[in-house]
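In what follows, chains are A, B, ... by sequence order, proteins preceding strands, each numbered from 1.
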Amino acid sequence: MGIELKEITQKYGDLIAVNNANLFIEDGEMIALLGPSGCGKTTLLKTIAGLLPLHQGSILSNEKDISKLPPQARNAAMVFQNYALFPHMTVAENVAYGLKINKCEPSLIKKKVEEILDKVELPGLNQRKISELSGGQQQRVALARALVIEPAMLLFDEPLSNLDQNLRVSMRRMIRKIQQEYRITSIYVTHDQEEAMSISDRIVVMKDGVIQQIGLPGEVYLKPRNRFVAEFMGTANLLELNEHDRIIQLLECGKWASSRDNCPVGASNNRQKRCLLFRPEDVEVGAEGRFEGTVIWHETIGSVTRVTIDFAGNEIIAEIRNYYKSGINCTTGEKIRFNIDLAGDSHIVPN
Amino acid sequence: MRCPRNMTLLKNKIIWKGRGNKSPLSFDVLIDRVILFLVVGSLLLFILYPIFMVISTSVYRHGVFSLDNYRDLLSPGNLKLIKNSLFVSTLSSVLGTFFALCIALYTFLQKERIRALIYRLLMITLISPPFVSALALIMLFGRRGLITYNLLGLSVNPYGWQGIVLLQTLGLISLAAIMLISTLNAIDKRLILASRDLGAGTLQTLHRVILPSIYPAILSVLFLLFTINMADFGTPIIIGGKYKVLATEAYMTIFSAADLGKAAAMSVLLIPPAIIAFYFYRKNLEKNNSLADGVKALGGEGLDFRLPLFIRIALGIITGLFFFLMLLKYGNIFLSAVTINVSGKLTFTWKHIEAFQFAYLPAVYRSLHIAVIAGILASVIGILLSYYTHRRQLPLMKPIEFIASLPYIIPGIFFGLGYIVGFNNHPLLLTGTTAILVLNCTFRHISVGNKAANAAFENLDRRLEMAARDLGASPVRILTTVIFPLLKSTFLLSFINTFTACMTTVGAIIFLVSPRNVVASVLMFKDITNGHYGLGAVVASVLIIVTVAVNLAAIKYLGREGGKQYVA
């Protein structure tokens with residue numbers, strides 16, 4: 001089921017939670033709504049589910065307006081952040097709830113419940129109480145409960161945020177696999193960019209109720225539309241650009257030269273402030289580097305070491321792979337040399 | 001991740017209106033409306049209307065508007081009554097609050113097991129048919145009292161204001177102590193630890209941290225006791241002797257003089273202290289909520305908080321003495337039921353029990369009957385009211401909820417009078433029926449279930465309802481499949497409270513009984529006032545045993561269910 005959101009605006013009193021959102025979701029596509037706390041992503045999700053009345057705009061499903069349908073009639077199933085499992089029912093009763101409400105045959109209910117519990121890798125737990133399950137198991141029951149009614153649309157409200165890191169990774173793989181297998185149109189709300197990138201076909205980045213960018217995961221990471229998206233998607237080095245800025249001069253004699261033709265810095269008359277974006281992995285630390293800075297902090301996080309470098313008054317974060325074997329000295333206060341690889345063509349973002 | 005705090009409420013407000021909502025659901029929506037209508041309608045008819053009728057009766061004389069009833073109240077004789085009421089109630093409330101505070105502090109600082117034991121004993125001593133204490137006092141310490149006369153050879157006169165104060169004080173200590181213990185338990189233990197850590201001694205911590213924290217609760221308890229004591233007519237009638245108070249006079253005016261207008265004006269006078277008590281109670285609740293915010297309170301255990309020895313001993317003696325007196329009271333009741341005091345010698349007898357069997361069993365059955373039905377009705381209505389007010393946040397429900405809390409605030413005598421004047425004419429002729437007793441008991445106690453349900457809903461994740469709705473359930477289905485199953489404990493708690501109150505109450509319903517529909521507690525009251533102590537003691541024993549048994553069963557069940565936390 002393809003879904004189209006047209007000019008959706010949602011308000012809580014004077015507060016605008018979602019501002020003029022337009023989005024088209026293809027049939028079978030998984031979209032991630034990504035953004036910080038209070039950006040309006042959950043509001044948007046609940047609006048689509050019908051759990052919040054629509055203030056302005058319309059929601060179309062296969063070109064039919066569903067904005068005024070009650071949630072029951074929208075054929076959407078939601079997976080909640082804290083699972084929202086009914087504590088007074090067993091696993092099987094929870095999963096069967098939607099089927100019972102929709103008056104399915106008891107024999108069919110039994111069959112479907114068992115099928116779906118197999119699918120989410122919870123066989124044999126039918127008669128368990130919810131309180132006897134681990135967080136990961138509860139999440140799978142919640143997923144099963146939503147899947148079993150064969151919804152045309154699956155809505156995820158930060159479903160993994162209560163789980164630990166390892167479980168999150170395996171659960172998101174399961175969700176993605178099942179979603180692709182059934183080709184259910186899905187919307188996945190999260191504030192974790194890694195999760196958004198790994199699970200979705202396309203990402204919608206939101207801030208203050210406004211959609212900032214819609215694109216493929218790689219697109220949003222490599223070609224952020226603005227400073228906010230750049231910083232929200234991973235770690236970003238952003239140097240403010242200004243024609244008279246020393247940094248540009250410094251950069252111009254470096255690797256910058258190779259890609260400057262693609263860069264609109266000099267040509268633009270636009271007075272809007274711009275930033276030069278490069279990721280930590282674009283910074284190569286080494287004795288032969290053209291630039292010199294001072295180490296102000298460094299931390300090793302497993303495979304990489306992050307070094308914060310003071311470069312002419314700007315902080316630059318670099319990543320060093322295999323730090324312990326590299327022979328590079330990152331002691332705080334030491335001078336360090338590096339290059340910046342600006343091979344791409346979209347490294348200039350509005351501030 | 002959560003959205004900003006101020007948005008949460010609005011965000012979670014569930015909207016049921018589906019304008020495109022046609023076919024199969026509309027029947028459910030209709031049922032939903034009918035339930036809402038029944039709840040609101042019954043509250044207006046059986047609470048607001050009788051209250052209005054009392055006030056209206058008090059300002060009409062012979063069908064003409066006049067304030068004569070109030071003017072008469074200001075006659076010197078009546079002013080004396082008001083003065084007596086104020087004096088006795090103030091003294092009993094202050095003493096009661098003080099002793100309750102001592103017991104609460106003592107309990108708070110005990111180990112878990114002792115604390116649980118004292119708490120249970122307090123719960124049990126809460127169950128006491130009224131005037132049982134008066135009966136015990138007369139039989140143990142009266143002119144021919146078992147202890148004063150038989151043992152010590154004294155002839156003491158227990159009648160008078162001292163007797164009233166003693167009984168009223170003792171009678172409400174359990175209730176007050178339970179309320180204070182709950183508040184003490186809600187104090188964030190880290191505050192106490194912090195105070196100790198910063199160098200304050202235990203006494204200083206008590207003085208500067210603990211007592212200030214529960215100050216609003218103390219005030220609210222004080223006013224609550226004051227209200228109950230002001231409205232208490234039974235104790236003064238039995239033990240007051242010549243000492244008359246306002247509530248007694250209101251009672252006598254209804255029964256002997258049948259001057260409803262004057263009685264109505266008197267009971268209106270009892271309202272202001274009740275309102276003040278309620279105000280403090282609400283304020284205390286608010287403060288309590290902020291105290292307990294996010295803290296798992298676990299009593300004083302592990303606190304290593306020891307008050308100086310002499311204070312501990314004093315608190316211990318007060319607590320022990322209280323329970324000793326309670327033991328005397330209950331012991332005396334059971335003993336009096338099977339003995340007869342012949343010229344200072346106790347002899348075993350079946351006489352009272354036989355008399356009881358002969359004449360009283362139907363009344364006991366009727367009491368049970370009424371208490372069970374009222375318990376169920378009050379709990380269901382209380383929960384539904386909370387659901388429509390706080391869960392669905394329907395407009396105008398807040399005032400309706402306030403109306404529902406009124407019978408709990410106003411004196412029983414007022415509410416009973418309301419039913420006399422409200423339901424004695426066609427088409428609302430209910431006088432003398434069992435129905436009027438059921439209705440009175442039900443609507444008197446809606447507030448308990450309502451408050452309990454409010455608390456339960458606070459802890460019940462709204463997303464459960466969203467999930468059910470998302471999976472296709474209609475409002476009525478959500479009520480039956482999600483809300484009610486999850487509020488089972490709340491229902492039971494409310495049922496038990498209402499059941500106990502209905503079994504033992506006299507205040508509101510004494511005006512509503514006739515020989516046709518008389519209940520056990522009223523028979524007991526009449527026996528005691530007429531001096532048939534033995535028979536009264538049998539009824540009291542039966543009431544106590546039945547009510548305690550039901551309560552224990554409920555506590556056991558709740559304890560079992562208590563492990564399950566239906567909290568997000």
For Glu115(A), I'd like to know if atom CD has over 12 heavy atoms of other residues, nucleotides or ligands within 6.0 Å. yes
Distance-minimising heavy-atom pair for Leu471(B) and Asn102(A): O-ND2, 3.6 Å
Can Arg463(B) and Gln81(A) be said to form a side chain to side chain contact (heavy atoms under 4.5 Å, CB included), step by step? CA-CA 9 Å; Arg463(B) 276 172 288 204; Gln81(A) 181 176 8; 3.9 Å; yes
Taking non-hydrogen atoms and a cut-off under 4.5 angstrom, which of residues 140-147 of chain A neighbour chain B? Arg145(A)
Where Pro87(A) and Leu464(B) come nearest, the two heavy atoms and their spacing: CD-CD1, 3.9 Å
Nearest heavy-atom contact between Ile478(B) and Tyr97(A) is CA-OH, 4.5 Å
Heavy-atom proximity to chain B below 4.5 Å, by part of Leu85(A): backbone
Taking atom CD of Glu105(A) as the centre, report whether more than 12 heavy atoms of other residues, nucleotides or ligands fall under 6.0 Å from it. no
Closest contact, heavy atoms only, Lys100(A) versus Arg477(B): O-NH2, 4.2 Å
Point-to-point distance, once rounded to the nearest 0.5 Å, from CG of Leu51(A) to CZ of Arg469(B): 6.5 Å
For the CZ atom of Phe80(A) and the CG atom of Asp470(B), what is their distance to the nearest 0.5 Å? 5.5 Å
Are Lys46(A) and Met466(B) close enough that some pair of their side-chain heavy atoms sits under 4.5 Å apart? yes
Sequence-distant partners of Glu150(A), salt bridge (Lys or Arg N to Asp or Glu O under 4.0 Å), two or more places apart: Lys112(A)
Would you check if the side chain of His88(A) reaches a backbone N or O of Thr481(B) as a donor-acceptor pair within less than 3.5 Å? yes
